[in-house]
Amino acid sequence: MILKVRSQKTEYRSQETGKKKKSEVRSQNTDHGPRTTKLLFFPVCVLCSVLFVLFLSGCSKKDQMFKESRILMDTYCTITVVSDSREKAREAIDAGYAEIKKIELLLNYFSETSEIAAINKAAGVRPVRVSDETLEILKKTIDISIATGGAFDPTLAPVIKQWKFSKDNSESSVPSDRAVREGLRLVDYRKITVDTDASKVYLRDRGMELDLGGIAKGYGADKAVEAIRARGIKAALVAIAGDIRGFGVNLSGQGWKVGIQNPRPASGSDRPWEDIFAVLHLKDRAISTSGDYQRFFIINGRRYHHILDPDTGFSAESGLISASVIAPEGYLSDSLSTAVFVMGPERGMKLLETMGLDGILVRADKRVLLTGNLKGKIEILNSEYKLAE
Ligand code: AMP
Ligand code: MG
């Protein structure tokens with residue numbers, strides 16, 4: 001999930017009504033390897049690995065859009081705030097990034113010093129005292145695991161680490177059935193004990209490990225939004241790769257316009273994250289997308305990707321190639337997009353409808369399924385994709 005940060009470059013720009021600006025940010029991302037991302041400022045486009053966000057230009061005379069991008073959680077993050085004060089905007093953006101950094105330090109599976117690493121090291125030995133944030137996200141994670149019947153399982157790490165995904169396939173490999181079976185013996189979210197009164201977390205079996213890669217970015221976006229709001233900002237958008245949360249309206253008085261990445265971009269495309277197949281408006285909501293195109297390799301015509309089915313330990317083959325979930329909070333959209341991808345179109349759709357959440361699910365035949373509430377609210381831009389009957 002969260003790997004170590006390899007480079008950081010930030011930018012700080014404002015958008016005044018109708019002005020055109022351009023800038024370039026070079027970033028590295030494990031999902032795509034080294035890349036150059038161009039940010040277009042009219043309409044302002046936030047480019048991230050999964051979603052492409054478009055802003056329209058403004059109406060209020062005083063308000064401006066302030067935006068800064070950084071590499072955190074080993075991915076490309078962008079925070080955009082609407083404010084009438086450059087100083088207030090800068091403070092709010094810094095506060096948002098400080099929260100994301102804090103969540104990264106607490107939850108990073110790969111860092112020796114994170115609380116997740118401490119819990120993993122003490123598995124089967126003793127409970128570990130953790131911060132309020134770690135306790136909170138673990139309780140939420142267990143609730144999601146229960147709600148999804150284990151399709152989302154934060155204890156998958158012993159299996160996840162058997163898989164290697166490298167961009168050029170040179171180091172990609174399929175683990176042996178035996179290695180996967182052994183890993184699976186240690187996977188069971190019901191063996192996580194959270195003691196709220198003592199603020200302690202315990203994994204019952206030695207060798208068990210937590211990996212919050214499927215929920216941490218959405219939670220980071222939630223915490224950033226909280227911090228930005230607390231500074232009196234009325235509208236902002238926080239994008240941590242494809243996990244995006246917005247509140248308020250942009251300068252045009254509308255919800256934030258976001259695009260969903262084409263899960264099957266033309267082969268050879270060197271900027272697949274710019275290829276979007278559908279757009280919608282996001283208001284006071286979070287959206288996350290999980291897909292089999294984000295980290296994958298193909299061997300003998302078979303696609304292996306990073307979203308694993310906890311029942312098999314192999315890449316989920318549910319008939320979906322992309323699953324986007326819209327929810328009031330980022331931790332929900334992030335974890336549920338992963339879970340729905342595993343559950344497939346029928347079970348996934350049913351879960352979302354039961355939870356009163358929205359989803360855009362793309363089947364392998366490029367038919368798009370929408371939850372009832374989204375009908376008429378999403379625009380499909382790519383004619384290869386059609387709404388399912
Ligand atoms: P996402 O890109 O948000 O769908 O999350 C994928 C990441 O979550 C993977 O890179 C793994 O770290 C982790 N993961 C993969 N499969 C699952 C699963 N079934 N339940 C929970 N976490 C998972
Ligand atoms: Mg996710």
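No hydrogens, no waters, no symmetry mates; every other heavy atom, side chains included, goes into these values. Numbering starts at 1 and runs along the sequence shown. Counting convention: from 1, in listed order, for ligands and their atoms alike.
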Margin query: Listing by chain and number, which protein N, O or S atoms are under 2.8 Å from the Mg ion (ligand 2)?
Written below: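 Protein N/O/S atoms under 2.8 Å of the Mg ion (ligand 2): Asp334 O, Asp334 OD1, Thr338 OG1.
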Where does [X] meet ligand 1, judged by heavy-atom distances below 4.0 Å: at the side chain, the backbone, both, or neither?
{"X": "Ala316", "result": "neither"}
{"X": "Arg295", "result": "side chain"}
{"X": "Asp309", "result": "neither"}

Next item on the list: With Ser337 as reference, evaluate Ser288, Ser324, Ser290, Ser322 under the side-chain hydrogen bond (donor to acceptor under 3.5 Å, both in side chains) test and give the passing residue.
Entry: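 By the side-chain hydrogen bond (donor to acceptor under 3.5 Å, both in side chains) criterion, Ser337 pairs with just one of Ser288, Ser324, Ser290, Ser322: Ser290.
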Counting from 1, what ligand 1 atoms have a heavy atom of [X] closer than 4.0 Å?
{"X": "Asp334", "answer": "3 (O)"}
{"X": "Leu156", "answer": "16 (N), 17 (C), 18 (C), 19 (N), 20 (N)"}
{"X": "Asp211", "answer": "12 (O)"}
{"X": "Ser290", "answer": "1 (P), 3 (O), 4 (O)"}
{"X": "Ala151", "answer": "18 (C), 19 (N), 20 (N)"}

Next item on the list: Find out whether the Lys NZ or Arg CZ of Arg229 is both under 6.0 angstrom from the six-membered ring centre of Phe247 and within 45° of the ring's axis.
Entry: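 Here Arg229 passes the 6.0 Å and 45° test against Phe247.
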Item checked: Lys/Arg-Asp/Glu bridge criterion (N-O < 4.0 Å) met for Arg70, Asp94 ->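 Answer for the salt bridge query: yes.
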Note to self: Taking the basic N atoms (NZ, or NE/NH1/NH2) and the acidic carboxylate oxygens, is any pair closer than 4.0 Å for Arg245 and Glu226?
What the structure shows: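 Not counted as a salt bridge, because no side-chain N and carboxylate O are separated by less than 4.0 Å.
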Notebook entry, point to check: Any side-chain donor paired with an acceptor under 3.5 Å for Tyr97 and Glu68?
Noted result: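 No pair is found: no donor N or O on one side chain lies under 3.5 Å from an acceptor on the other.
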Next item on the list: Please list all pairs passing the ring-ring contact (aromatic ring centres under 6.0 Å, His included) test where one or both residues lie in residues 349-389, with sequence neighbours left out.
Entry: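 The answer is Phe277-Tyr385.
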Margin query: Is the distance from the ring center of Phe296 to that of Trp163 below 6.0 Å?
Written below: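 No, they do not, as the ring centres are separated by 6.0 Å or more.
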Notebook entry, point to check: Would His305 and Phe314 count as a close aromatic pair, with their ring centres under 6.0 Å?
Noted result: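 No, too far apart.
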Notebook entry, point to check: Taking both backbone and side-chain atoms of Leu308, is any N or O found less than 3.5 Å from an N or O belonging to ligand 1?
Noted result: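 By distance alone, the answer is yes.
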Notebook entry, point to check: Based purely on interatomic distance, does Val342 place a nitrogen or oxygen under 3.5 Å from a nitrogen or oxygen of ligand 1?
Noted result: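 Not met; the criterion fails.
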Check: So which of Val159, Ile307, Ile160 gets nearest to atom 14 (N) of ligand 1, if we judge by its closest heavy atom?
Finding: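 Among Val159, Ile307, Ile160, the closest heavy atom to atom 14 (N) of ligand 1 comes from Ile160.
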Notebook entry, point to check: Looking only at non-hydrogen atoms, which of His306, Lys161, Lys217 approaches atom 2 (O) of ligand 1 most closely?
Noted result: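 The option holding the nearest heavy atom is His306.
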Next item on the list: Would you please name every residue forming a salt bridge (charged side-chain N to carboxylate O under 4.0 Å, His left out) with Arg181, sequence neighbours left out?
Entry: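 Salt bridge (charged side-chain N to carboxylate O under 4.0 Å, His left out) check on Arg181 returns nothing, list empty.
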Next item on the list: Quick one: list whatever passes salt bridge (charged side-chain N to carboxylate O under 4.0 Å, His left out) with Asp177, sequence neighbours left out.
Entry: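 Result, salt bridge (charged side-chain N to carboxylate O under 4.0 Å, His left out) vs Asp177: none returned.
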Check: Is ligand 1 less than 4.0 angstrom away from at least one heavy atom of Pro310?
Finding: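 Per 4.0 Å heavy-atom rule, Pro310 contacts ligand 1.
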Checklist line | Identified side chain to side chain contact (heavy atoms under 4.5 Å, CB included) partner of Ile137 from the options Asp222, Leu107, Asp132 | finding: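 Filter result, single survivor: Leu107.
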Margin query: Is the shortest side-chain heavy-atom distance between Phe152 and Val342 below 4.5 Å?
Written below: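 No, too far: nothing below the 4.5 Å cut-off.
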